[in-house]
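Just so it is clear, the model here is predicted, and its values are computed rather than measured.
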Amino acid sequence: MKKCIFVVEDNPNIREIIEFLLTEELYEVKACRNTSDFWKQMRLNIPDMVILDIVLPDGNGIEICTQLKANVKTHHIPVMMMSANNHLNAVKAKCTAEDFINKPFDLNDFAGRVERYLPN
């Protein structure tokens, strides 16, 4: 069974690239435009990993990460935060995600980071 990754990214170009890359790597991908899409998907299915943009139109990835890590049913899910606008040290101080990546990112590096948490 394919491992499922939720990708929360408001930029449609970046979201499509990530979705394409992860699908090519044989993951099932649920792409979400915003926090409300993400929480709707969470009610239907618990993913194996979550990739979160920090700045979203209706909230932010740090709040999602904090909620996931505080919940006994979801605290084990690996979370990768990504952002073009935030300094990683500031983000790390606010959130207990497993990984952080700056945009723009190298696609091979991105795929390697995902593989580290969800080996096929």
Do [X] and [Y] touch side chain to side chain, with heavy atoms closer than 4.5 Å?
X	Y	value
Phe38	Leu68	yes
Val79	Ile64	no
Pro47	Met42	yes
Ile51	Val114	yes

message: Among residues at least two apart in sequence or on other chains, which ones pass salt bridge (charged side-chain N to carboxylate O under 4.0 Å, His left out) with Asp99?
response: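 If we apply the salt bridge (charged side-chain N to carboxylate O under 4.0 Å, His left out) test to Asp99, skipping adjacent residues, the hits are Arg113, Arg116.
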task: Begin with the C-alpha distance, continue with both residues' side-chain angles, and end with the deciding distance and a verdict on salt bridge (charged side-chain N to carboxylate O under 4.0 Å, His left out) for Glu98 and Lys69.
output: CA-CA 10 Å; Glu98 279 72 18; Lys69 295 304 181 182; 2.8 Å; yes
For the [atom1] atom of [X] and the [atom2] atom of [Y], what is their distance to the nearest 0.5 Å?
X	Y	atom1	atom2	result
Thr66	Asn71	OG1	CG	12.5 Å
Lys3	Glu25	NZ	CD	13.0 Å
Lys2	Leu22	NZ	CG	11.0 Å
Met81	Ile54	CE	CD1	4.5 Å
Asn11	Leu56	CG	CG	11.0 Å
Cys32	Trp39	SG	CH2	10.5 Å

message: Give me each pair satisfying salt bridge (Lys or Arg N to Asp or Glu O under 4.0 Å) with a member in residues 39-67, each pair once, sequence neighbours excluded.
response: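 Only Asp53-Lys103 qualify under salt bridge (Lys or Arg N to Asp or Glu O under 4.0 Å).
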Between [X] and [Y], is there shared hydrophobic-cluster membership here, with clusters defined by ILVMFWY side-chain heavy atoms closer than 4.5 Å?
X	Y	result
Ile18	Leu107	yes
Val50	Val55	yes
Ile17	Ile14	yes

Could you report the tightest heavy-atom contact between [X] and [Y], atom names first, then the distance?
X	Y	value
Phe110	Leu21	CD2-CD2, 3.4 Å
Ala97	Phe100	O-CE1, 3.7 Å
Val8	Met82	O-CE, 4.3 Å

field: For Glu16, all residues meeting side-chain hydrogen bond (donor to acceptor under 3.5 Å, both in side chains), sequence neighbours excluded
entry: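 side-chain hydrogen bond (donor to acceptor under 3.5 Å, both in side chains) check on Glu16 returns nothing, list empty.
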task: Report the residues that fulfil side-chain hydrogen bond (donor to acceptor under 3.5 Å, both in side chains) with Asn34, sequence neighbours left out, ordered by chain and then residue number.
output: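 Partners of Asn34 by the side-chain hydrogen bond (donor to acceptor under 3.5 Å, both in side chains) criterion, ordered by chain and then number, come out as Ser36.
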field: Phe105 CZ: over 12 foreign heavy atoms closer than 6.0 Å
entry: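 Enclosed.
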query: Glu19: what forms a side chain to side chain contact (heavy atoms under 4.5 Å, CB included) with it, not counting sequence neighbours?
result: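 Only Thr23, Val29, Ala31 meet the side chain to side chain contact (heavy atoms under 4.5 Å, CB included) criterion with Glu19.
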query: Residues in side chain to side chain contact (heavy atoms under 4.5 Å, CB included) with Asp106, at least two apart?
result: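 So Asp106 forms a side chain to side chain contact (heavy atoms under 4.5 Å, CB included) with Asn108, Asp109.
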